[in-house]
Visitor: 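First the structure, then my questions, so here it is.
To find a chain, count down the sequence lines: A is the first, B the second, and so on, and within it residues start at 1.
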Amino acid sequence: MHSSYGFLQILHLSINAYFNSVQKENYTNISDQELLENFKRDQDNLWLGILLQRYTLLLLGVCMKYLKDEELAKDAVQQVFLKAITELQKYSVEYPKSWLYTIARNHCFMQLRDKTQLISISDKLNLRDDSILDFTAFDKEQSLTLLENSIKELNTAQKTCVTLFYLQKKSYSEIMDSTGFSLLQVKSYIQNGKRNLKLLVAQKMSQS
Amino acid sequence: MSELKNILNHGPEPSEEALKRYLEGNASAEERFMIENQMSDEDFMNDAVEGLQHFKSPLVMQDYVNKINKDLVKHTSKRKNNKLRSHIEDQNWTLISIIIILLLCILGYFVIHLSLNSKPNNHTIEQKK
């Protein structure tokens, strides 16, 4: 009786596992947050596997940038994943993407013994230069006009790079060719130009 | 004027395939803009692209990605199997407890039944005396 009950139980759990796996094949449209919620509900590490695989390539790139060795970078990503699996079982993380990036960077800095560069792990770390603008009070046309006027107030290098990149959709290399700037300069002018533009527009909005 | 929106919008996240094409230099103009726009917005994407460009070849890079993912799947499935096994073991103990309780009930029933049957016999013996 005992063995037949055990067999039925295993059969039941296997059928459940099969239906779960079929369900998980349709995960492409599921957000990171939803995957984490599913993990919390099911306590099934497969959900974490799906989530982490989304960032394998990017994390490998980040580790490669800092460690400059393919094998070390691979090992680092595996370590980051192990840490992530352990931590995600204990703590709740709101923004897994930025959290994983912070863990990977810190892991690389630890490996390089450059502890001064360590950044505090906060899943709310802003990856993006999030908009400081609130366009709700303005119509689109008005805000775009403000933006157009603000471009003129940027310094020459930033104005050139922002115009070529955002308005003419030129690539980094095309901008380098036409301006003579280095890649680092082009990236910096675009990033700082965008930030300054947002500040300028915010300033104008508060005045009007 | 419509291009101005590019400055305000973060734009969609590029797919992994688009990123690989970009690294190989085969991305379309739209994909290239999408990726470089993300690079200017996100340190994560910028660091990742800069690092991925250091790989000897895209094939080597893909090989590493496959290895990492294979290990990850193995690890996450293993943990699940362990959970499944412990779940079954837990349930087995429940089953054993239920069986023991049932056996005790049956045993109790027989003991009570036998004791009840034996009492009238003693009574009749006394009456006969």
Visitor: Of the backbone (N, CA, C, O) and the side chain (C-beta and beyond), which part of A/Phe81 lies under 4.5 Å from a heavy atom of chain B, both, or neither?
Guide: side chain
Visitor: Side chain, backbone, both or neither: which part of A/Leu183 has an atom under 4.5 Å from a heavy atom of chain B?
Guide: neither
Visitor: Would you say B/Arg32's side chain and A/Tyr172's backbone share a donor-acceptor pair under 3.5 angstrom?
Guide: no
Visitor: Check whether any side-chain heavy atom of B/Glu42 lies under 4.5 Å from a side-chain heavy atom of A/Lys97, and answer yes or no.
Guide: yes
Visitor: Among B/Val65, B/Leu19, B/Val60, who wins on heavy-atom pairs under 4.5 Å with chain A?
Guide: B/Val65
Visitor: Just so I understand: if I count every heavy-atom pair under 4.5 Å between each of A/Leu58, A/Val62, A/Leu57, A/Leu60 and chain B, which residue has the most?
Guide: A/Leu57
Visitor: If we only count heavy atoms from C-beta on, is the B/His75 to A/Asn45 side-chain gap below 4.5 Å?
Guide: no
Visitor: Taking the side chain as every heavy atom from C-beta outward, state whether B/Val73 and A/Gln53 have any pair of such atoms under 4.5 Å apart.
Guide: yes
Visitor: Hey, which of B/His54, B/Lys67, B/Met61, B/Glu50 has the most heavy atom pairs under 4.5 Å with chain A?
Guide: B/Glu50
Visitor: Applying side-chain contact (heavy atoms from CB on, under 4.5 Å), can you list everything that pairs with A/Gln158, at least two apart in sequence or on another chain?
Guide: A/Leu154, A/Asn155, A/Tyr189, A/Asn192, A/Asn196
Visitor: Please classify the contact between A/Lys74 and chain B as side chain, backbone, both or neither, with a heavy-atom cut-off of under 4.5 Å.
Guide: both
Visitor: Return the set of residues passing side-chain contact (heavy atoms from CB on, under 4.5 Å) with B/Gln53 (not counting sequence neighbours), or none when no residue passes.
Guide: B/Tyr22, B/Leu23, B/Val49
Visitor: A/Leu52 and side-chain contact (heavy atoms from CB on, under 4.5 Å): which partner among B/Asn69, B/Leu72, B/Ile68?
Guide: B/Leu72
Visitor: For the pair A/Phe165 and B/Phe33, name the ring-plane relationship: parallel under 30°, tilted 30 to 60°, perpendicular over 60°.
Guide: tilted
Visitor: Identify which part of A/Leu67 has an atom lying under 4.5 Å from any heavy atom of chain B, answering side chain, backbone, both or neither.
Guide: neither
Visitor: Are side-chain heavy atoms of A/Glu70 and B/Asp63 found at a separation under 4.5 Å?
Guide: no
Visitor: Who among B/Met45, B/Lys56, B/Glu30, B/Gln62 has the most heavy-atom pairs with chain A under 4.5 Å?
Guide: B/Lys56
Visitor: Could you name each residue pair satisfying salt bridge (Lys or Arg N to Asp or Glu O under 4.0 Å) that touches residues 49-60 of chain A, not counting sequence neighbours?
Guide: A/Asp32-A/Arg54
Visitor: Can you pull out the residues in residues 104-111 of chain B with any heavy atom less than 4.5 Å from chain A?
Guide: none
